[in-house]
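Worksheet: one structure, shown below.
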Amino acid sequence: MNKPDATHDPALRSWVGAANEAGADFPIQNLPFGVFKRAAGKDAWRVGVAIGDQIVDVAALADAGELPDDAMAVATLGRQPTLNAMMAAGREPARALRRALSEWLREGSPIGGAHFLVPMRDAELALPAQIGDYTDFYAGIHHAMNVGSMFRPENPLLPNYKWVPIGYHGRASSIVASGAPVQRPVGQTRDGHDGPPAFGPSRRLDYEVEVGVFIGAGNVLGQPISIDRAEEHIFGLCLLNDWSARDIQTWEYQPLGPFLAKNFVTTISPWVVTMDALAPFRAPAFVRTEGDPAPLPYLYSQNDTNAGGIDLTLELSITTAAMRQAGSEPYRVSRGGFTDMYWTIAQLVTHHASNGCNLRPGDLLGSGTVSGVAADARGSLLERAWRGTEPLQLPSGETRAFLQDGDEVTLRGFCEREGRRRIGFGECRGRIMPAR
């Protein structure tokens, strides 16, 4: 695990004014990577780095020879329409580029160069990588306990939960960037325990607050990844909303697990916050309850126990069609912390590759729903409205047991700690459209 360095100095300021504003998601201490093009014109997609309300055109900067040698080779990969090549290069080249950009963007830098910047308002953002494979985990123990207690009150957690990180193979082709519409899915559902199922639009559409983990350098087929090396294979994190059709899920998930209830769409934020940017916000791994089993040796590392967690706050808000028409502010439904996850991101990567499965650059892992103990820290509407029995009361006078057409869901994330500059993840947003 990398330690904080000069790029994390809270006193650093940028000559990009918006990066210095209090509460800015993208100060100079962050510098997340993404893919963009100008909204007007016929520009090609290319790699950018967020700073304040601007985007650094990495390829243009490299073409101009404005970067030191150790950053130049990886910066030329900014001409690509995805981050995959940069991810494949590994952590150290990306670290060198981030360090060089930090120096170039600092207040008082002798280089400068506003002509290498594109205002975010003039840009379109795309998926940051070509995602070959997507695996969604179930690492949030409070979510697992809550959902388990709804369906199995006498035995909420299945016997394997505290021994093995549970996950399933998701659908990479239906992952979309923030802002893309979310069409209500149709599928088979059945009310009650008798009678045949019906086919039609889901009536119990839900969100799930998650964190996405992007793989950087992969592993060779057949070669596991040790727990102490796992984070060297992680490029960075994003926000992830695992949209879920609960009524379809209830009918189909036995005996083989989630399928059509999950694969219709998954939304992620466009900016990938690097593991290096997160260095000042590391935290101990989840403290297991007395009597819980210790992780098996392949999932245990003292370093991971000491600092495998990430102090990341996640907030989800809803705006209904009526609220938008009235000009109302979004209503914050939940606020939870990523330190509540039972398994660390290193454990997820190690377990995924433990059977020799080859992870590839740009592969995406979902953390599972991030929920806390308190009611307002529950990361899904299924939990927040307790399976529809305690509908959410909105300031507009409306209620929500599940999402309705026109509802817009926005997930935001940020890290803050005393003595450090706050960094953010931007937003992960989607609006529900009627079923076809």
Heavy-atom donor-acceptor pair, Arg203 side chain to Asp247 backbone, under 3.5 Å
no
So, do Ile227 and Tyr300 sit near enough that their side-chain heavy atoms are less than 4.5 Å apart?
no
I want to check something: taking the side chain as every heavy atom from C-beta on, are Thr410 and Thr319 in contact at a cut-off of under 4.5 Å?
no
Could you tell me whether the side chains of His142 and Tyr342 share a donor-acceptor contact shorter than 3.5 Å?
no
Between Asp70 and Arg99 (salt bridge meaning N to carboxylate O under 4.0 Å), is one present in this structure?
yes
Check: Ser371 side chain, Gly379 main-chain N or O, donor-acceptor pair, under 3.5 Å:
yes
What's the spacing between Leu105 CG and Phe116 CZ if we round to 0.5 Å?
11.5 Å
So does Ile225 get a backbone contact from the side chain of His352, meaning a donor-acceptor N/O pair under 3.5 Å?
no
Do NZ/NE/NH1/NH2 and the carboxylate oxygens of Asp25 and Arg422 come within less than 4.0 Å?
yes
Within a strict 4.5 Å, meaning less than it, do heavy atoms of the Leu299 and His351 side chains meet?
yes
So which atom in Pro4 and which in Arg420 form the shortest heavy-atom distance, rounded to 0.1 Å?
CB-NH2, 3.6 Å
Rounded to the nearest 0.5 Å, how far apart are CD of Gln249 and CZ of Arg204?
11.5 Å
With a 4.5 Å limit on heavy-atom distance, are the side chains of Arg184 and Ile432 in contact?
yes
Answer yes if the side chains of Ser244 and Asp206 hold a donor-acceptor pair under 3.5 Å, and no otherwise.
no
Interatomic distance, CD1@Ile234 vs CE@Met275, rounded to 0.5 Å, equals 5.0 Å
How are the rings of Tyr161 and Tyr138 set relative to one another: parallel (under 30°), tilted (30 to 60°) or perpendicular (over 60°)?
perpendicular
Polar side-chain atom of Glu383 near backbone of Asn146 as donor-acceptor pair, under 3.5 Å:
no
Any donor-acceptor pair under 3.5 Å linking the side-chain atoms of Asn263 with those of Ser174?
no
Check whether more than 12 heavy atoms from other residues, nucleotides or ligands sit under 6.0 Å from atom CG of Asn355, and answer yes or no.
yes
Begin with the C-alpha distance, continue with both residues' side-chain angles, and end with the deciding distance and a verdict on side-chain contact (heavy atoms from CB on, under 4.5 Å) for Val211 and Ile345.
CA-CA 10 Å; Val211 171; Ile345 58 175; 5.9 Å; no
Just do the side-chain contact (heavy atoms from CB on, under 4.5 Å) check on Phe33 and Leu97 with the steps written out, would you?
CA-CA 11 Å; Phe33 288 78; Leu97 177 56; 3.7 Å; yes
Check whether any side-chain N or O of Asn84 sits under 3.5 Å from a backbone N or O of Gln130 as a donor-acceptor pair, and report yes or no.
yes
Are the side chains of Arg246 and Arg387 in contact, using a 4.5 Å heavy-atom criterion?
no
Indicate yes or no for a side-chain donor-acceptor contact from Glu427 to the backbone of Ser178 under 3.5 Å, with no hydrogens or angles considered.
no
For Pro258 and Tyr253 the tightest heavy-atom approach is N-CB, 4.4 Å
Any Gln188 side-chain heavy atom under 4.5 Å of Glu252 side chain:
no
Answer yes or no: is there an ion pair linking Glu208 with Lys262, defined by an N-O contact shorter than 4.0 Å?
yes
Crowding at CZ, Arg152 (>12 non-hydrogen neighbours, <6.0 Å):
yes
Heavy-atom count check: over 12 atoms from other residues, nucleotides or ligands less than 6.0 Å from Glu154 CD?
yes
For Phe259, look at atom CZ and say whether over 12 heavy atoms of other residues, nucleotides or ligands are found less than 6.0 Å away.
no
Would you name the heavy atoms of Ala307 and Arg282 that are closest together and state the gap between them?
O-NH2, 3.2 Å
All heavy atoms of Met86 vs all of Gly78, minimum pair found to be CE-N, 4.0 Å
Other residues, nucleotides and ligands only: do more than 12 of their heavy atoms fall within 6.0 Å of CD on Glu329?
no
OG1 of Thr339 to CG of Asp311: how many Å apart, nearest 0.5 Å?
6.0 Å
Under 4.5 Å between any side-chain heavy atoms of Ile215 and Arg360, yes or no?
no
Could you pull out the closest heavy-atom pair between Trp104 and Leu61, with the gap in Å?
CZ2-CD1, 3.4 Å
Spell out, as yes or no, whether a donor-acceptor pair under 3.5 Å connects the side chain of His233 to the backbone of Ala217.
yes
Begin from the C-alpha positions of Val370 and His143 and carry the test side-chain contact (heavy atoms from CB on, under 4.5 Å) through to its verdict.
CA-CA 7 Å; Val370 182; His143 174 71; over 6 Å; no
Presence of salt bridge, Asp376 and Arg335, under 4.0 angstrom
no
Compare every heavy atom of Leu127 with every heavy atom of Val176, then report the nearest pair and how far apart it is.
C-CD2, 3.5 Å
Candidate pair Arg98 and Ser102, rule side-chain hydrogen bond (donor to acceptor under 3.5 Å, both in side chains), full reasoning
CA-CA 6 Å; Arg98 180 178 173 274; Ser102 174; over 6 Å; no
Side-chain donor/acceptor of Gln347 to backbone N/O of Thr344, under 3.5 Å:
yes
Whether Asp133 side chain and Asp363 backbone form a donor-acceptor pair below 3.5 Å
no
CG/Leu157 to CE/Met145 distance, rounded to the nearest 0.5 angstrom?
5.0 Å
CG of Leu67 to CG of Leu101, rounded to nearest 0.5 Å, is 6.0 Å
Kindly indicate, with the supporting measurements, whether the criterion side-chain contact (heavy atoms from CB on, under 4.5 Å) is fulfilled by Leu240 and Ser367.
CA-CA 9 Å; Leu240 187 152; Ser367 64; over 6 Å; no
Geometric cation-pi criterion Arg288 and Trp343, 6.0 Å radius, 45° cone:
yes
Between His8 (side chain only) and Asp5 (backbone N and O only), is there a donor and an acceptor less than 3.5 Å apart?
yes
Flag side-chain contact, heavy atom, 4.5 Å: Gln54 against Phe26:
no
Assess whether atom CE of Met433 is packed by more than 12 heavy atoms of other residues, nucleotides or ligands within 6.0 Å.
no
